[in-house]
There are 2 protein chains.
Amino acid sequence: MNNDAHLKLENQLCFRLYSLTKLMNRHYSPVLKKLGLTYSQYLVMLVLWENNDTTPAISVKQLGEKLDLDSGTLSPLLKRLEKQALLSRVRNSDDERSVVIKLTDSGCQLKSQAQNIPAQMFSVTGLSIDELQGLNVQLDGLLATMNTK
Amino acid sequence: MNNDAHLKLENQLCFRLYSLTKLMNRHYSPVLKKLGLTYSQYLVMLVLWENNDTTPAISVKQLGEKLDLDSGTLSPLLKRLEKQALLSRVRNSDDERSVVIKLTDSGCQLKSQAQNIPAQMFSVTGLSIDELQGLNVQLDGLLATMNTK
DNA sequence: TTAATTTAAGTTGTGCACAATTTAATTTTG
DNA sequence: CAAAATTAAATTGTGCACAACTTAAATTAA
């Protein structure tokens with residue numbers, strides 16, 4: 001491939017990732033709209049649902065580490081979820097710098113409405129279980145490499 | 001896997017795509033900043049550079065089809081690139097609904113500064129050529145499937 | 001050939017994502 | 001201990017991405 005070929009859109013992995021992420025979002029949007037959530041808000045709820053049994057309180061900082069997002073993104077997003085009464089935001093009395101996020105009852109209850117979303121989205125991919133897992137492994141490798149460079 | 005496992009972040013392909021796209025963007029940003037471009041602006045320039053020899057004029061509509069973006073995204077983006085004198089926006093006299101985008105001389109010249117970006121980004125992935133091509137094929141399949149459902 | 005429909009851009013408003021900065025609290029260090 | 005450094009959130013500003021809508025031009029159909 002010459003230099004010009006590298007600059008062509010069709011040869012670029014990153015454009016595929018970019019397009020696929022947008023497409024993924026378009027499939028999620030109508031489904032999540034029924035729960036009143038955006039995709040990013042859904043990710044926050046996934047973390048909270050996942051930890052609710054063992055660790056029902058999590059700081060904004062910890063949430064940011066799990067989702068790779070900073071307070072500039074999370075602060076307004078969490079305020080919107082608080083306004084929807086899905087979670088509470090309270091300063092940690094042990095360390096007033098930190099804000100503790102907890103699910104409310106209705107935030108907990110929303111989980112049942114989300115149970116079938118992963119299966120629904122999986123069917124949209126048209127992949128087999130093996131193909132999905134193979135892709136997950138490859139993308140994990142890529143994430144690991146790109147996170148350390 | 002039970003229902004709860006499906007709702008875990010670590011099991012979700014979409015979260016990997018989402019994280020990887022953000023990570024990709026973070027690697028591009030400092031490189032593209034030297035050219036005064038964002039990633040989306042870079043994509044527009046790629047299309048214009050690619051077509052400049054054969055088709056030096058392209059409509060906003062055609063650009064949107066290539067990049068899968070609508071006028072709501074492209075109109076302001078193209079105005080910013082016009083303000084940077086990288087391209088011109090002129091109404092098509094044959095069809096006044098359409099706006100024709102053309103590279104300016106400095107827009108053409110910027111191409112040389114972008115020549116080494118693909119190789120630079122490829123090295124960040126840590127992939128072999130074969131691995132890259134394999135991944136491209138898989139993502140193309142996924143894009144095709146998800147575009148028709 | 002006028003009226004109805006379609007099309008192309010642009011505009012407005014919402015919600016990320018992130019850089020850069022600010023504020024306040026905590027920790028470290030001289 | 002007090003000053004300096006670090007840390008956690010929040011704020012401000014920019015630029016997407018997209019839904020919903022508007023405007024103006026072109027096409028189609030009555």
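Below, chains carry the letters A, B, ... as their sequence lines are ordered, and counting in each starts from 1.
In this structure, B:K66 places its NZ atom where only 12 or fewer heavy-atom neighbours from other residues, nucleotides or ligands lie under 6.0 Å away. Heavy atoms of other residues, nucleotides or ligands lying less than 6.0 angstrom from NZ of B:K102 number 12 at most.
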Contact list (N/O, under 3.5 angstrom) for nucleotides 20-26 of chain C vs protein:
unit_1: C:dT26; atom_1: OP1; unit_2: A:E96; atom_2: N; d: 3.1

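Here the side chain of A:R80 is nearest to one of D:dA10, C:dA9, C:dG15, namely C:dG15. Closest contact between the side chain of B:K79 and the listed nucleotides D:dA10, D:dC16, C:dT11 involves C:dT11.
Not one side-chain nitrogen or oxygen of B:K22 sits closer than 4.0 Å to the OP1 or OP2 atom of C:dA17. Of the side-chain N and O atoms in A:S98, one or more sit less than 4.0 angstrom from OP1 or OP2 of D:dA9. The phosphate of D:dA8 (OP1 or OP2) has no side-chain N or O of A:R91 nearer than 4.0 angstrom. In this structure, B:Y18 does not reach the C:dC16 phosphate: none of its side-chain N or O atoms is under 4.0 Å from OP1 or OP2. The phosphate of D:dG15 has neither OP1 nor OP2 within less than 4.0 Å of any side-chain N or O from B:T38. Remark: A:S40 is in phosphate contact with C:dA17, judged by side-chain N or O atoms under 4.0 Å from OP1 or OP2. Residue B:Q41 places at least one side-chain N or O closer than 4.0 Å to OP1 or OP2 of D:dC16. Between A:R89 and D:dA10, a side-chain N or O to OP1/OP2 separation shorter than 4.0 Å is present. Residue B:S75 has a polar side-chain atom (N or O) positioned under 4.0 Å from OP1 or OP2 of C:dG10.
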Set out, in order, the CA-CA distance, both residues' side-chain angles and the distance that settles side-chain hydrogen bond (donor to acceptor under 3.5 Å, both in side chains) for A:Q138 and B:Q138, then state yes or no.
CA-CA 11 Å; A:Q138 286 179 79; B:Q138 285 180 80; 3.3 Å; yes

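The CD atom of B:E82 sits 14 Å away from the C1' atom of C:dA9 (whole-angstrom rounding). Between B:Y39 atom OH and D:dA17 atom P there is a gap of 10 Å when expressed in whole angstrom units. The interatomic distance linking B:R26 (CZ) with C:dA17 (C1') rounds to 8 Å, in whole Å. Regarding B:L63, its CG atom lies at a distance of 13 Å from the P atom of D:dC16, rounded to whole Å. One atom, CG of A:N25, and another, P of D:dA17, lie 11 Å apart when rounded to the nearest Å. Rounded to a whole Å, the CG atom of B:L69 is 13 Å from the P atom of C:dA9. Here the C1' atom of nucleotide C:dC16 and the OH atom of A:Y42 are 18 Å apart, to the nearest Å. Atoms NE2 (A:H27) and P (D:dC18) sit 12 Å apart, rounded to a whole Å.
Ion pairing between a basic and an acidic side chain is recognised when a charged N comes within 4.0 Å of a carboxylate O; A:D68 and B:R26 show such pairing. Here B:R89 pairs with B:E82 in a salt bridge; the nearest charged N to carboxylate O distance falls below 4.0 Å.
Atom CG of residue A:L103 and atom SG of residue A:C108 lie 4.5 Å apart, to the nearest 0.5 angstrom.
As judged by a 4.0 angstrom heavy-atom cut-off over every strand, B:S59 is placed among residues touching the sugar-phosphate backbone only.
With a cut-off of 3.5 Å on both Watson-Crick or G-U wobble distances, the partner of C:dA19 is given as D:dT12.
Counting only heavy atoms from C-beta outward, the side chains of A:E50 and B:L9 approach each other to under 4.5 Å.
Each of B:P76 and B:L23 lies near DNA chain C, and the nucleotide nearest B:P76 is the one positioned closer to the 5' end.
In the hydrophobic clustering of this structure, B:L143 groups with B:L67; members are Ile, Leu, Val, Met, Phe, Trp, Tyr whose side-chain heavy atoms approach within less than 4.5 Å, directly or through other members.
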